[in-house]
Engineer: 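Could you have a look at this structure, given as structure tokens, before my questions?
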Amino acid sequence: MQSAPPPRSTPALLALAIGAFGIGTTEFVIMGLLPQVAHGFGVEIPTAGLLVTGYALGVVVGAPLMTVLGTKIPRKRMLMLLMGLFIAGNLISACAPSFAVMLIGRMVASLAHGAFFGIGSVVAASLVAPQKKAGAIAMMFTGLTVANVVGVPLGTLVGQSAGWRVTFGIVAAIGVVGLVGVARLVPDVPKPQGVRLRHELSALKNTQVLLAMAMTVLGFGGVFAAITYIAPMMTRVAGFDDGSVTWLLVLFGLGMVAGNLIGGRFADRALMPMLYVSLGGLAVVLASSPSPRTTRSRPPRPSC
């Protein structure tokens, strides 16, 4: 049985977990608040869905760019820079006077996403003994798990009762806590030596790597296409009231946690059959899902 990380590393891992919690919350909370945001800007719900697409595009572009930049900057400073981008993006979203500005805010926040988890994992592993690296990385990713079960539902509840701008303001405040935690608790880790971008990109010549990437893109593309509109689907198609969205998101988050645990266990026994079953089941569920009706929301849009 794996022992816990030594006490001196625990505060640093907690700081990384807080950052992961904030990033996970801002990624998914927009899905529970899509009708409210659409109403606030007077756009159709499918148009509001671009806030999810924009975030995803920012992750795709930002992850490699920020990772390359991370090879030139000490890792602690890079993590602080990423949290700064995250805070700025969420503040822009909270105060956005127009839909276009909020889309920019979402994309700015997304630039931190991929690189934070990549660099954060390396830093987390460096804080503990070699035999404890997996546990340290898992502790950091606990923040992402808690975001799915707690952060996103609570953010949706706050957004429905106090306004979606308040939710993004709170998420930005969580980012400030994460930034201060990284600054004060994470030790200085030197920048990586001998990292060559050409060497890293050479992995794309591997057919198995490309197939794994394609499977991930198509599989998660299907998942995000559905959960982006989970709020209108549950309220306008399935007949739930708006207050039920919070608990439905809790159920969704628990399902993600359970799926990771169960899927990981079965994948260890039979990887390919598990992939066939999970992707096949996903295809059946998506094919049987009805489409929400498109409506236009009323304009008024308060700003900070």
Engineer: Rounded at 0.5 Å granularity, tell me how far CD1 in Ile119 sits from CG in Leu82.
Structural biologist: 5.5 Å

Engineer: Over all heavy atoms of both residues, which pair between Leu51 and Arg106 is shortest? Give the atoms and the distance, please.
Structural biologist: O-NE, 3.3 Å

Engineer: What's the separation between atom CG in Leu79 and atom CD1 in Ile73, rounded to the nearest 0.5 Å?
Structural biologist: 11.0 Å

Engineer: Hey, could you give me the CD1/CE distance between Ile227 and Met31, rounded to the nearest 0.5 Å?
Structural biologist: 4.0 Å

Engineer: Are any non-hydrogen side-chain atoms of Leu34 and Ile45 less than 4.5 angstrom apart?
Structural biologist: yes

Engineer: Applying the side-chain contact (heavy atoms from CB on, under 4.5 Å) criterion to Val29, which one of Ile170, Leu249, Thr156 satisfies it?
Structural biologist: Thr156

Engineer: Taking all non-hydrogen atoms of both residues, which atom of Trp247 and which atom of Gly243 are closest, and how far apart?
Structural biologist: CD1-O, 3.8 Å

Engineer: Between Pro11 and Leu185, which heavy-atom pair has the shortest distance, and what is it?
Structural biologist: O-CD1, 3.5 Å

Engineer: Do Leu144 and Phe117 have side chains that approach each other closer than 4.5 Å (heavy atoms only, starting at C-beta)?
Structural biologist: yes

Engineer: Do you know the tightest heavy-atom contact between Val150 and Pro153?
Structural biologist: O-CD, 3.3 Å

Engineer: Are Tyr229 and Leu282 co-members of a hydrophobic cluster defined by side-chain heavy atoms under 4.5 Å apart?
Structural biologist: yes

Engineer: To the closest 0.5 Å, what do you measure between CD1 (Ile137) and NZ (Lys132)?
Structural biologist: 14.5 Å

Engineer: Below 30° counts as parallel, above 60° as perpendicular, anything between as tilted: where do the rings of Phe41 and Phe99 land?
Structural biologist: perpendicular

Engineer: What pair of heavy atoms forms the shortest contact from His113 to Val59, and how long is it?
Structural biologist: CB-CG2, 3.7 Å

Engineer: Is there side-chain contact between Asn148 and Val257, with at least one heavy-atom pair below 4.5 Å?
Structural biologist: no

Engineer: Do His39 and Trp164 make a side-chain contact, defined as non-hydrogen atoms from C-beta onward lying under 4.5 Å apart?
Structural biologist: no

Engineer: Hey, what do you get for CG (Asp242) to OG (Ser161), rounding to the nearest 0.5 Å?
Structural biologist: 12.0 Å

Engineer: Side-chain contact test, heavy atoms from C-beta onward, threshold under 4.5 Å: evaluate it for Phe240 versus Val245 and give yes or no.
Structural biologist: no

Engineer: Measuring from Leu111:CG to Phe116:CZ, what's the distance to the nearest 0.5 Å?
Structural biologist: 14.5 Å

Engineer: Is it true that the side chains of Ser93 and Asn90 contain a donor and an acceptor less than 3.5 Å apart?
Structural biologist: no

Engineer: Give a yes or no on whether the backbone of Val128 and the side-chain of Lys133 come within a donor-acceptor separation of less than 3.5 Å.
Structural biologist: no

Engineer: Yes or no on side-chain contact (heavy atoms from CB on, under 4.5 Å) for Tyr55 and Thr26, after CA distance, side-chain angles and deciding distance?
Structural biologist: CA-CA 10 Å; Tyr55 188 93; Thr26 205; 3.8 Å; yes

Engineer: Could you report the tightest heavy-atom contact between Ser110 and Gly58, atom names first, then the distance?
Structural biologist: OG-CA, 3.0 Å

